[in-house]
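Structure record follows, encoded as structure tokens.
Every heavy atom of this structure was used, including side-chain atoms; hydrogens, water molecules and symmetry mates were not. Quick note on labels: first sequence line is chain A, next is B, and so on, each numbered from 1.
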Protein chains: 2
Amino acid sequence: MNDLVSSTDLASEADEPKTLAEAAYRQLRRDIIEGVHRPGEKLRVEHLKDQYEVGAGTLREALQLLVTDALVVAQGQRGFRVAPISLDDFADITRTRVLLETSALQQSIELGDDTWEANVVAAFHMLSRAEDKLIEGAKGTREEWELRNRAFHEVLISACPSRWIRHFQNILYHQSERYRRLSLFRQPIPRDVHAEHQAIVDAALARNSAEATRILSEHILRTLDAVRQLPADFIN
Amino acid sequence: MNDLVSSTDLASEADEPKTLAEAAYRQLRRDIIEGVHRPGEKLRVEHLKDQYEVGAGTLREALQLLVTDALVVAQGQRGFRVAPISLDDFADITRTRVLLETSALQQSIELGDDTWEANVVAAFHMLSRAEDKLIEGAKGTREEWELRNRAFHEVLISACPSRWIRHFQNILYHQSERYRRLSLFRQPIPRDVHAEHQAIVDAALARNSAEATRILSEHILRTLDAVRQLPADFIN
DNA sequence: ATAATCAAAAATCTCGAGAAAAACTGTTGA
DNA sequence: TCAACAGTTTTTCTCGAGATTTTTGATTAT
């Protein structure tokens with residue numbers, strides 16, 4: 001059992017950045033997901049190149065990479081801006097995630113070996129611990145919970161052999177994370193999330209793929225309701 | 001009935017290029033799909049900038065855009081190369097396409113209005129005409145058939161409201177086109193492709209989504225077999 | 001007061017040169 | 001004969017300045 005997350009993404013992700021452009025790309029992505037740069041905000045190269053301490057051309061490259069993730073939109077000859085958000089978009093993201101992630105889970109359950117099972121159990125354990133700390137109200141634990149939540153979902157579908165599904169799923173996860181940050185801010189994690197995760201693990205290890213995908217669907221769709229109950233001016 | 005193909009893609013596609021980088025991007029994409037640049041081939045910026053008549057930085061941007069479509073892979077600090085191809089990859093692409101396209105078709109059949117029906121019929125007619133010309137053996141008609149085949153598949157799912165599914169489907173279509181070019185070269189279009197398209201149209205207009213998705217699945221998966229029967233050294 | 005027009009300002013896009021890294025080649029030693 | 005090493009060459013990556021385009025602000029006429 002070496003590394004839990006073996007992110008074999010199409011655009012290599014796990015390693016450390018080997019170029020300035022990629023370093024800037026990661027910082028920018030993080031800032032956009034965390035809301036430092038607001039949805040719809042214009043991203044002026046001249047300003048940002050100082051802030052991220054790279055040349056203009058390099059920052060342009062970083063922005064171009066973010067277009068790949070659809071976190072930034074490029075408008076012809078009118079520069080870049082942060083991708084806008086909307087309820088419709090989030091609903092679309094969520095439903096598409098369900099489609100991809102259930103299919104991936106189904107294949108994972110079908111093909112996963114002992115190591116996969118062990119990884120699932122381990123990731124679930126890590127996540128549970130993070131939830132305990134979160135309930136205690138310790139500081140800075142939300143970040144850790146986010147990381148482990150993501151790791152858990154990634155490990156669940158890690159035995160799915162389709163690199164394309166995992167690639168798309170990865171993009172959508174980044175997208176939905178942006179929305180989830182908004183909803184989590186107001187509404188702390190409800191207690192039954194843990195029970196849902198537990199149920200998914202149980203069904204997965206029992207190789208009951210119908211049950212597992214059903215629970216996973218409801219689990220993902222629940223975040224949609226959470227965002228829907230936000231005050232309307234959050235998403236405009 | 002204005003324009004048949006209203007490509008409302010995430011990365012705007014239909015319009016004409018408004019920047020040199022985008023123009024170079026399109027030419028490069030076309031050349032890669034058509035096999036001018038072979039799979040795995042190294043793409044040296046110094047050579048290509050002369051060939052496509054743009055500056056080095058501009059060409060780099062175009063290459064970065066192609067990474068989005070996964071037609072080009074960027075390797076840390078060792079430049080770019082054309083994405084390699086393999087049978088496994090094509091199988092993955094095809095299966096993922098089935099997953100996305102059947103889901104999209106299902107929603108299209110559920111939500112499509114009269115205009116959608118009309119567009120489907122029209123696109124099918126255009127495609128049929130192209131097939132006639134293809135059988136006659138006129139020159140340069142393969143290009144036209146490709147375009148209309150693509151338009152047909154696009155129109156079929158055009159009533160699907162999910163921009164994300166259409167976005168991913170678009171990427172995968174570009175990918176599979178590269179493989180299909182190889183197989184079509186040897187094996188001209190079999191006659192029953194037309195019958196399959198006809199069956200899809202009939203089922204779609206009859207709002208029989210189970211039947212339509214079933215035929216569409218088989219239709220897409222058939223290209224997989226076609227490539228599988230190629231001599232092995234085509235894909236290495 | 002509103003709308004249209006035109007000029008100034010800001011931002012984007014593009015390019016070529018310099019610095020850093022990787023690949024290649026010929027040589028040396030076992 | 002093969003492997004390792006060092007210098008050379010090639011290629012990539014980065015940066016800042018110039019050319020175009022878009023946006024802003026003020027002026028004028030209706």
Heavy atoms from C-beta onward define the side chain here; which of C:dA22, C:dT14, D:dT22 lies closest to that of B:Thr19?
C:dT14
Base, sugar-phosphate, or nothing for [X], non-hydrogen atoms under 4.0 angstrom?
| X | answer |
| --- | --- |
| B:Ala21 | sugar-phosphate |
| B:Gly57 | nothing |
| B:Gln77 | sugar-phosphate |
| B:Leu43 | sugar-phosphate |

Return the OH to OG1 distance between A:Tyr179 and A:Thr94, rounded to the nearest 0.5 Å.
9.0 Å
Specify the separation, in whole Å, of atom [atom1] of [X] and atom [atom2] of [N].
| X | N | atom1 | atom2 | answer |
| --- | --- | --- | --- | --- |
| B:Glu46 | C:dA23 | CD | P | 16 Å |
| B:Leu59 | D:dT14 | CG | P | 16 Å |
| A:Gln75 | D:dT21 | CD | C1' | 14 Å |
| B:Lys49 | D:dT10 | NZ | C1' | 14 Å |
| A:Glu22 | D:dC13 | CD | C1' | 13 Å |

Whether [Y] and [X] form a salt bridge (side-chain N of Lys/Arg under 4.0 Å from carboxylate O of Asp/Glu) is what I want to check.
| X | Y | result |
| --- | --- | --- |
| A:Arg150 | A:Glu146 | no |
| B:Glu41 | B:Arg81 | no |
| A:Arg181 | A:Glu143 | yes |

